[in-house]
Amino acid sequence: MFARSLRLVGVLPAAPLLGLLACGGAPPAPPPTPPSSVAKPAPPTPPPATPCETADALRKKVPALLGKGKLDRAARVMARVRELCPEPAPEVLAEDLTTSAELAVELYDFTSAYKLATKLLSIPGVSDAHKQRWQTARAAANKTEKKLASLSAPDITKVALPLVAQADALAAKGDEASLRAAREAYLGAFAAHPNGQAALGAALVTRRLGDAAEAQKLFDRAFGLLARTEKRTPTVVLPNRSLVTSWLDWSSDGRFLALSQGEAVGGGDIEISLLDAETNREHLHLFLPWGQEDHVALSSDGKLLGAKTSSKGFVLDIASRFIVRDLDNLPVSYTTAFSPDLGRLAAVKYDEALIRQFAPWSTIEVKDGLPGEDEEARPISATFSPDGKTLAIPYTDEKVRLWNIEKRRVSAILGGNRGPIWQTAFSRDGSTVAISTDKGDVQLSDPRSGATKKTISVAADDPVHTLALSPDGSLVATANIGGVSVWDAKTGSVRTKLEQFVYYGDIAFSPDGRRLAVTCESGPVCVVDANNGALLKKLRLQDAGIGALSISTDGKTLVARPWDGALRILDLEKGTLRSTQPLSDDEGNVVLSGDGKLLGGAGKGMRVWNAATGATVREEKFVDPAQAFAFSPDGTWAAVDMGDAILLFSLTKTKAPARSFQGHTGSIRALSFSLDGKYLASGSRDKTVRIWDVAAGTEKLRLPEHGDAVTAVAFSPDGKLLASGSADKSARVWDATTGTSRQTFVDKHAGRTESVNELAFSPDGTQLAVGGSDNTLRLWDLATGEPRAMQKAGASVYSLAFTPDGQWLVTGWSDGTLLFQRSTGEGPTARIHFLDKEDAAHVLDGEGHADFLGKNPCAARARLHCRAGRFGMPFDLCEERAFTSGLLATILAGKPAGGDPSHEDDPPRCAR
């Protein structure tokens, strides 16, 4: 059976399939009833199926699943059959267990196979045929287990890696002959040493050759092997969510740009992307467990990638994605650095520095010629020279020691008297070493002699947090609070200044020195011309944030306005993307009127249009852009801010001039009508909240108690309360009649300065949802004053709304997440991400299910990954387990997304 697995012929022999078909055929159809003119009563409703009848119906689906190559789904269906009807007739139970055991062996789930066989052999009078089938399966399992147990990373590297590299090269050609040759090469690599990478490669090229059933078998086997031997259990994920780039580097040929990203605050995984700098396609994606001293590096030849987290690490062959060296028992340290060939790791902690060599494994203590035990100076970090022979170690005595690794002694001492050292860096040619200091300057030195070449004054008392040298050392790039600058290393003059890039990440020169990669807010990575600062490319990995959302009063329609210039209208009953409409900047953050008939927004102008026909109801142009917009509940008025004034436009008398409400002394940030339309609330940068009488056009109340700009206002459903949110981090609830302060809510768990961006009362008026910057979302109970922590997207909340029934809280986040979650804080969730300016989106739930919305599901599908351990794999690997048609509607209806493992919805067929 093992040989049969390698050649990828039939999964199960014909006999079991025939047995499955015989386990409960449908009864013969009754004879037709002769026509009659006499009306007869409707036949009685048949009683619901018993669990065993349901199991029998599922059992009959297995042959069709196997015909499509769906081994894993067939195994899950059989598991459901045994769960529904655990004690069928003995011969039926024997067939169920035998088939399930054979499938488990095919999927490398040997533990389950042995458990199933034990139960099979305990059945009294079990047939010899069933025993023989299990003996055949067990022989294959034993042979495979023995071979897997003998594998090691060096074995795979020596034998399988060259074969996979050959297969990759053939697959890249793309013609049919090359694909067939690639498939044989992958299978040869698998035969030499069974490994998930070879099985996955074979599956991908088989899919491209058009053999869907055979490809599915391979995918399922690849998944089974990955889970069995490499501890990779794929789950569907969307990578690069609201992450900050902390490390950048170029491959030696300039083709790839490598970046490491992590959450700005708190824990979470580190994600490593290797991007094709020309096409912006991701070549490789890795997930690393979060740790304080994570370190990532590319080898100098660009062929390997090294990663360290906590006391573990690995070295990855980029072309094949094989782990060629597992690194265990690494020193837990404050800072670490890989040598250029990734053969060594330097670690610094407390008062010691050491070098761990990997082949052969040994430790070098870095101490000779350094400050002695009686001196207080301690090492801070370490940087290898490009030839790997020298280690630059900054110390707390404000000096950098260059330590010669071969001679085990200090060769030069740099710095001194300029304050603490922030960064050290070498040029790629090794001719220059640079250090940045607390005084805001950069010292350039010759690493051989230690002589100072140039000192560049970047900014007084503004330390250079990030430093990079061009390959030949002729240019110096610095990043501090003031921005990113490129300097001439000889003259010390500024070559270009990139003030638009606010520092919070990394910078890196391309190997030719002509391009500079910079972390940037809109990117997250921007590539600029190193000489003049011109923007060459944005490598965008994140979706546009959701600036506004609103839900119709009947709960059927949701409108979302991402910052990509396109409006999305969702049908919440059907769980579909009804339409995608282009927008201009003039329309700003678009909202839906309460009755769902109108859409409107204001930015550089104001436009209100019919939601069904698109016909414009009223349009205005402004000199200065507006920030706030609101419909009256009956759709007769549109309120817009105009600096410190409010303009009220009639939507029934579209030629009538706007009414103006004046009184604020700062620009207005938020507007909200009461549900009866009698009052309008406004929040302003002047720190006040004001309530206006709409009919009289006069100020009714002024609420002046916030400590900073008021950024959000909302009336309660009964109109008796008004909530306001502010940049002072608080949300307040007021008596809308008297102006008396009722409650003040401040997030005590906030780690940084947050601004409340949006708030809303629940439909029953008992809770207040408050969302803000820096991952802040709370649902406050108005009776107890206690908050309920809700799920977060790891970004900032910029819009939120309850569904009219109060069951769901919908939030829009700056990372592009539209998040649906129960107002109780429990139960299923749905996350929607819209593709930039495309009629496409994908839906994910918390259990790893996925669905696609819009007219371009293949584009949405391409964005998803299967997270398999540390690897991000193509979505092909887990689409059989993840794809769930109608996922959004299922979740909003309160049904389990994956309740029926036998569903046969197929993912969209896409070109590969």
Side-chain angles (χ1 to χ4, degrees), residues 168 171-172 174 179 197 200-201 203-210 212 215-216 218-219 222-223 234-243 255-257 259 261 271-287 321 523-525 537-544 562 564 566 568 576-577 580 815-818 830-845 848-868 871-885 887-888 905-912:
D168 285 341
L179 290 177
Q197 194 64 42
L200 177 60
L204 291 171
V205 295
T206 302
R207 174 73 60 80
R208 291 169 65 185
L209 286 166
Q216 189 58 54
L218 280 161
F219 277 121
F223 162 72
T235 56
V236 61
V237 294
L238 181 67
N240 303 304
R241 295 298 90 222
S242 187
L243 302 180
R255 176 188 173 190
F256 295 118
L257 183 62
L259 58 149
Q261 297 179 290
E271 297 187 24
I272 301 170
S273 294
L274 198 64
L275 297 171
D276 188 305
E278 295 300 323
T279 66
N280 199 23
R281 291 183 178 274
E282 194 167 43
H283 179 74
L284 177 70
H285 196 94
L286 297 174
F287 298 88
R321 298 175 176 84
V525 180
K537 180 170 292 191
K538 286 183 181 179
L539 302 178
R540 187 167 186 171
L541 301 176
Q542 300 179 13
D543 297 316
D564 67 347
R568 302 331 197 277
T576 58
L577 180 58
T580 299
D815 71 342
T817 300
L818 186 65
R831 293 171 182 250
I832 298 177
H833 284 263
F834 303 102
L835 270 68
D836 190 38
K837 298 181 181 178
E838 283 212 50
D839 187 8
H842 50 257
V843 186
L844 301 175
D845 74 351
H849 300 94
D851 191 14
F852 309 106
L853 307 180
K855 296 180 180 179
N856 192 359
C858 292
R861 177 185 179 281
R863 291 289 307 280
L864 297 181
H865 280 181
C866 286
R867 177 172 177 173
F871 292 91
M873 298 289 190
F875 182 66
D876 303 69
L877 183 63
C878 61
E879 64 184 349
E880 271 302 315
R881 299 159 186 84
F883 180 73
T884 306
S885 182
L887 177 60
L888 180 60
D905 296 315
D906 287 318
R909 296 295 96 190
C910 303
R912 294 168 173 86

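Keep in mind that the numbers below use all heavy atoms, side chains included, and drop hydrogens, waters and symmetry copies.
In this structure, CG on L274 lies 6.0 Å from NE2 on H283, to the nearest 0.5 angstrom. Put simply, CG on L887 and CD1 on I832 are 9.0 Å apart, with the number rounded to the nearest 0.5 Å. Atom CZ of F287 sits about 10.5 Å away from atom CD1 of I272, to the nearest 0.5 Å. Once rounded to the nearest 0.5 Å, the distance linking CZ of R861 with CG of D851 reads 13.0 Å. Interatomic distance, D876 CG to Q216 CD, rounded to the nearest 0.5 Å: 9.0 Å. Distance check, rounded to the nearest 0.5 Å: OG1 of T576 to CZ of F852 gives 16.0 Å.
Residues P874 and L204 have side chains in contact (heavy-atom distance under 4.5 Å, counting atoms from C-beta outward). You'll find the side chain of L238 reaches within 4.5 Å of the side chain of L864, heavy atoms only. The shortest side-chain heavy-atom distance between D276 and R255 falls under the 4.5 Å cut-off. Residues D543 and F834 fail the side-chain proximity criterion, which asks for heavy atoms closer than 4.5 Å.
The aromatic rings of H865 and H285 sit perpendicular, their planes meeting at an angle over 60°, well past the 30° parallel limit. Under the 30°/60° scheme for interplanar angles, the aromatic rings of H833 and H842 are found to lie parallel.
Looking at every heavy atom in both residues, D564 comes nearest to L835 through OD2-O, 3.7 Å. In this structure, P239 and E271 approach most closely via the heavy-atom pair CB-OE1, 3.4 Å. The two residues T206 and A215 make their nearest non-hydrogen contact at CG2-N, 3.6 Å. Looking at every heavy atom in both residues, S273 comes nearest to E282 through OG-OE2, 2.6 Å. Of all non-hydrogen atoms in L179 and G174, the two that sit nearest each other are CD1-O, 3.7 Å. Closest heavy-atom contact between A850 and L844: CB-CD2, 3.7 Å.
Applying the side chain to side chain contact (heavy atoms under 4.5 Å, CB included) rule to T580 yields the partners A566, R568, L577, D839; only residues at least two apart in sequence or on another chain are considered. Under the side-chain hydrogen bond (donor to acceptor under 3.5 Å, both in side chains) criterion, D168 pairs with Y186, not counting sequence neighbours. For N856, the side chain to side chain contact (heavy atoms under 4.5 Å, CB included) partners are E838, A840, C858, A859, not counting sequence neighbours.
For R881 and F223, the positive end sits near the middle of the six-membered ring, less than 6.0 Å away and at most 45° from its axis.
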